[in-house]
2 protein chains.
Amino acid sequence: MQNKLHLDKLDYQIIQEMMVNAEVSYADLGKKLFVSGGTIHVRIKKLEDSGIVQGRRLAVDLKALGYDVVAFIGIYLEKSSMYDAVAKELKKIPQVVRVNYTTGNYGMFIEIVCKDIQQLRYVLHDELQKIKGIDRTETIISLEESFSRNVIIATD
Amino acid sequence: MQNKLHLDKLDYQIIQEMMVNAEVSYADLGKKLFVSGGTIHVRIKKLEDSGIVQGRRLAVDLKALGYDVVAFIGIYLEKSSMYDAVAKELKKIPQVVRVNYTTGNYGMFIEIVCKDIQQLRYVLHDELQKIKGIDRTETIISLEESFSRNVIIATD
DNA sequence: ATTGAAAGAGTCTCAGT
DNA sequence: ACTGAGACTCTTTCAAT
């Protein structure tokens, strides 16, 4: 997990390509980027050893799996010092997929994914409200996701 | 992309495991779930054909790559009918990674990832403000991400 | 650091159950 | 629908540059 590591254009190109599609073979990706498959392999190994590349994940269409309801929730904390304790409780709720400590109106900002509105209601009303340190919450429900993608990294 | 497809416990288990780590071999995953590697292969093929599994992605530590600044932005639209046009413009901005049409105060809610505060300022001030249809925006900056994970799917 | 080839490991297909 | 084995492809290692 060292961090002082010089990345060149090829490294950035490999990351950019494989963030979108990690199924491409090293030989094919090498052809596209004008190096050998062996070089792709060495670079990816370097990126994995340095911790920049953390692994490969299956990309799943949650909507097709029945997880239709995405909501963003702003949380007002009683005291901002309670952030860590509240985050720990939130992690126990399976539907909570992301927790951020934030500036602005809310002390924290979270994202939850549910199978339906009933489950959302349950999480909001029964799960969140009983966590000590949460004052009140504001819910933003996503009616439609236009797009979701990785940041487009600069390749130089 | 057919959608009426019965998934059993094994399918859900495979998805759950490989959402976290897609590098495991079919033989090893089969051992863990008490079936053969061939069966894992058939199930994954079925999930890919149905569109539930969309591919494999490289998981990258954006912070280690220098993308330190994550912000959520609530956008007030002049008219909600302008949503599609605004979304299209937002897609042209590389730092915008997610766009949602939402209920609540904001007509839309987006996420952006930047290399530093200067870049955030540029996106907020120069890029967003010149999009027709955006009335005003409210920015929530993430000071720290407690965690980010996939939804924990029910395996039955 | 990159290459190309050989060794090793994994995926994919298929006949049998 | 699952299994195990064979064919095939990819990753990984390594000697040479």
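We name chains A, B, ... by the order of the sequence lines, and we start the count at 1 in each one.
- We find that A/D126 and A/K130 are not joined by a salt bridge, their nearest charged nitrogen and carboxylate oxygen being 4.0 Å or further apart.
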Side-chain donor/acceptor pairs under 3.5 Å, residues 79-88 of chain A, sequence neighbours excluded:
residue : atom : partner : partner atom : Å
A/Y83   : OH   : A/Y101  : N            : 3.3
A/Y83   : OH   : B/S146  : OG           : 2.4

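- If you take NZ of B/K31 and P of C/dA9, they are 12 Å apart, rounded to a whole angstrom.
- A/K92 and A/E89 are joined by a salt bridge, as a carboxylate oxygen and a charged side-chain nitrogen come within less than 4.0 angstrom of each other.
- The NZ-P distance, from A/K9 to C/dT2, rounds to 15 Å in whole Å.
- Contact of the B/N100 side chain with the B/E111 side chain is not registered, since no non-hydrogen atoms from C-beta on lie closer than 4.5 Å.
- For A/F72 and B/F109, the ring centers are positioned less than 6.0 Å apart.
- Atom CD1 in A/I44 sits about 16 Å away from atom C1' in C/dA1, given to the nearest Å.
- The CG-P distance, from B/D11 to D/dC2, rounds to 9 Å in whole Å.
- For the residue pair B/Q95 / B/Y67, no side-chain donor-acceptor distance below 3.5 Å is found, with atom types taken as modelled.
- To the nearest angstrom, P of C/dT3 lies 13 Å from CG of A/L29.
- In this structure, A/D28 atom CG and C/dT11 atom C1' are separated by 15 Å, rounded to whole Å.
- Taking atom CG of residue A/D49 and atom C1' of nucleotide C/dA1, one finds them 16 Å apart after rounding to whole Å.
- Phosphate contact (OP1/OP2 of D/dA1, side-chain N/O of B/R43, threshold under 4.0 Å): absent.
- Rounded to whole angstrom, the span from the CD1 atom of B/I40 across to the P atom of D/dA1 amounts to 15 Å.
- In this model, the phosphate group of D/dT3 is approached by a side-chain N or O of B/T39 to a distance below 4.0 Å at OP1 or OP2.
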Treat primed atoms plus P, OP1 and OP2 as sugar-phosphate and everything else as base, then score nucleotides 11-17 of chain D 5' to 3': B for base contact with protein heavy atoms under 4.0 Å, S for sugar-phosphate contact only, - for none. SSB----
